[in-house]
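Computation of the quantities below employed the complete heavy-atom set of this structure, encompassing side-chain atoms and omitting hydrogens, waters and symmetry-equivalent molecules.
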Amino acid sequence: MRIGLTGGVAAGKSTVAGMLRELGAYVVDADAVAREIVEPGSEALSEIARTFGAHILQPDGSLDRAGLAAIVFADAGQLRKLEAITHPLIARRIASLLDAAPPGAVVVLDHPLLVETGEHRGLDAVIVVDVPEAEQVRRMMRDRGMTEADARARIAAQIGREERLAAATIVIDNTGNLEGLRRRVTEAFEWLLAAGGSERD
C-alpha cells in the first residue's frame, strides 16, 4: 500500500510522518531528498549556483537555504527556475526509495508538493494535514521568526488549501494538542490498513 502525506507549510506534516513511522510505516521523506540532492558537489547545487549566482553558496560550499528562499518565494518565476532544476532529480531519487521498500510494507510518501507535482495520482490514499491559514502564519512567526509578510508569501507559493483538500482521502486536523493529533493519526492509519486489506481480499 502506498499512501501520500502532504500539508501546507507549518501544518505539522513532519510530526504526523513521525507518528506514522512509529506505527510501522516505511516513510520516504521528500524534504530529506530535497536536501540530499543539493549537497556540496552535487549536480543540482552546481546548476543552482549557475542560475542564481555564486552568492547563494556558503563559504564552505553548501547552499545558503535562507538566501535562496528569499529569492524564490518572492518571485514565482524564480521559483519555477529552481523547481525545473530540482524536481526531476527529486522525483528520480524518490522513485528509487519507494522501490526499495520492504515487501508488504505500508509506504508513506511524505511530500509537501505532492499535489502540485501530481505525484498523488496513482497512490492508494492521500492524507492531508490541515490547519487554517491564520494558524500557519502564527506558527511560522512563532517557530521560525518570520514576518507575517514572509509567512504569507511562503503560503502563497504553494497551491491553495481547497485544492489540496480536494485531493485528500483523509484530512487530519492539527489545530489541537499532540495527544489528540496522535489519536487521529492512529485512527487514520488503522482505517487505511483495514480498507487496504478489504481491497486486496
Side-chain angles (χ1 to χ4, degrees), residues 1-52 56-58 60-73 76 78-129 136 140 143-144 154-155 157-159 164 167-169 172 174 185 189 192:
M1 176 183 277
R2 289 188 172 185
I3 300 165
L5 172 66
T6 194
V9 58
K13 175 183 61 62
S14 296
T15 302
V16 171
M19 292 176 177
L20 289 169
R21 190 178 281 110
E22 290 171 4
L23 290 167
Y26 173 90
V27 178
V28 175
D29 183 346
D31 281 336
V33 171
R35 290 190 295 271
E36 176 188 319
I37 63 135
V38 294
E39 289 176 350
S42 67
E43 170 191 346
L45 185 57
S46 298
E47 185 61 29
I48 289 168
R50 280 194 294 271
T51 302
F52 296 97
I56 59 90
L57 297 178
Q58 304 271 26
D60 65 357
S62 63
L63 179 63
D64 177 2
R65 296 178 189 281
L68 183 60
I71 295 169
V72 301
F73 289 114
Q78 297 285 59
L79 180 60
R80 284 193 292 273
K81 286 182 185 177
L82 177 63
E83 290 173 345
I85 296 167
T86 59
H87 282 187
L89 296 169
I90 291 170
R92 283 205 296 272
R93 179 61 176 150
I94 285 173
S96 70
L97 291 170
L98 291 174
D99 289 343
V106 177
V107 179
V108 173
L109 173 55
D110 172 9
H111 199 326
L113 303 178
L114 187 75
V115 180
E116 288 94 322
T117 60
E119 291 179 71
H120 64 296
R121 299 188 187 97
L123 296 173
D124 297 305
V126 174
I127 298 172
V128 173
V129 185
Q136 291 177 273
M140 282 189 279
D143 300 336
R144 307 184 190 188
R154 189 69 60 94
I155 293 168
Q158 297 186 321
I159 61 166
R164 189 183 298 109
T169 309
I172 293 180
N174 187 23
V185 171
F189 189 69
L192 286 166

*Asks:* Has Ser62 got a side-chain atom pairing as donor or acceptor with Gln58's backbone, closer than 3.5 angstrom?
*Replies:* no
*Asks:* Write down the atom of Ala44, the atom of Ile37, and the distance for their closest heavy-atom approach.
*Replies:* CB-O, 3.2 Å
*Asks:* For a quick test of reading the model, state the closest non-hydrogen atom pair linking Gln78 to Phe52 and the distance between them.
*Replies:*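 Nearest heavy atoms, Gln78 then Phe52: O-CZ, 3.5 Å.
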*Asks:* Would you name the heavy atoms of Asp64 and Gly67 that are closest together and state the gap between them?
*Replies:*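 Shortest heavy-atom contact: OD1-N, 3.0 Å.
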*Asks:* Please round to the nearest 0.5 Å and tell me the distance separating atom CG of Leu45 and atom OG1 of Thr86.
*Replies:*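 Output value for this atom pair is 12.0 Å.
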*Asks:* Can you tell me if CD on Glu43 sees more than 12 non-hydrogen neighbours from other groups inside 6.0 Å?
*Replies:*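 Counting neighbours around CD of Glu43, 12 or fewer heavy atoms of other residues, nucleotides or ligands fall under 6.0 Å, so no.
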*Asks:* Does any part of the side chain of Met19, heavy atoms only, come nearer than 4.5 Å to the side chain of Phe189, both counted from C-beta?
*Replies:* no
*Asks:* If you round to the nearest 0.5 Å, how far is CG of Leu63 from CG of Leu68?
*Replies:*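 Those atoms lie 5.5 Å apart.
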*Asks:* Hey, is Arg80 close enough to Glu83 for a salt bridge, meaning N to O under 4.0 Å?
*Replies:* no
*Asks:* Check each of Ile127, Val106, Val108 against Leu192 using the side chain to side chain contact (heavy atoms under 4.5 Å, CB included) test, and report the only one that passes.
*Replies:*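 Result for side chain to side chain contact (heavy atoms under 4.5 Å, CB included) with Leu192: Ile127.
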*Asks:* Which residues pass the side-chain hydrogen bond (donor to acceptor under 3.5 Å, both in side chains) test with Thr15, sequence neighbours left out?
*Replies:* none
*Asks:* If I take atom CG from residue Asp110 and atom CG from residue Leu20, how far apart are they, to the nearest 0.5 angstrom?
*Replies:* 9.0 Å
*Asks:* Heavy atoms, side chains only, cut-off 4.5 Å: are Asn174 and Val16 in contact?
*Replies:* no
*Asks:* Nearest heavy-atom pair of Pro112 and Thr6: which atoms, and what distance?
*Replies:*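 Closest heavy-atom pair between Pro112 and Thr6: O-OG1, 3.2 Å.
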*Asks:* Mind checking the CD1-NE2 spacing from Ile94 to His111? Nearest 0.5 Å is all I need.
*Replies:*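 If we round to the nearest 0.5 Å, Ile94:CD1 and His111:NE2 are 4.0 Å apart.
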*Asks:* Drop me the distance from His87's NE2 to Thr117's OG1, to the nearest 0.5 angstrom.
*Replies:*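 His87 atom NE2 to Thr117 atom OG1 measures 7.0 Å (nearest 0.5 Å).
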*Asks:* Say whether, by atom type as modelled, one donor and one acceptor occur between the side chain of Gln158 and the main chain of Val9 under 3.5 angstrom.
*Replies:*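 Here the side-chain-to-backbone pair exists.
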*Asks:* Check Leu79 against Val72 and note the closest heavy-atom contact, atom names and distance.
*Replies:* CB-O, 3.4 Å
*Asks:* In Å, rounded to the nearest 0.5 Å, how long is the span from CD1 of Ile48 to NZ of Lys81?
*Replies:* 13.0 Å
*Asks:* Is the closest side-chain heavy-atom distance between Arg2 and Leu109 below 4.5 Å?
*Replies:* no
*Asks:* If you look at every heavy atom in Val115 and His120, which pair is closest and at what distance?
*Replies:* CA-ND1, 3.6 Å
*Asks:* What verdict does the side-chain contact (heavy atoms from CB on, under 4.5 Å) test give for Leu123 and Ile3, after you've listed the backbone C-alpha separation in whole Å, the side-chain angles of each residue and the deciding distance to 0.1 Å?
*Replies:* CA-CA 6 Å; Leu123 296 173; Ile3 300 165; over 6 Å; no
*Asks:* Is the shortest heavy-atom distance from the side chain of Arg92 to the side chain of Leu89 under 4.5 Å?
*Replies:*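 Side-chain contact under 4.5 Å: yes.
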*Asks:* Return yes when atom CZ of Arg65 has more than 12 non-hydrogen atoms of other residues, nucleotides or ligands closer than 6.0 Å, and no otherwise.
*Replies:*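 Atom CZ in Arg65 is crowded, with more than 12 foreign heavy atoms closer than 6.0 Å.
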*Asks:* Under 4.5 Å between any side-chain heavy atoms of Leu114 and Leu5, yes or no?
*Replies:* no
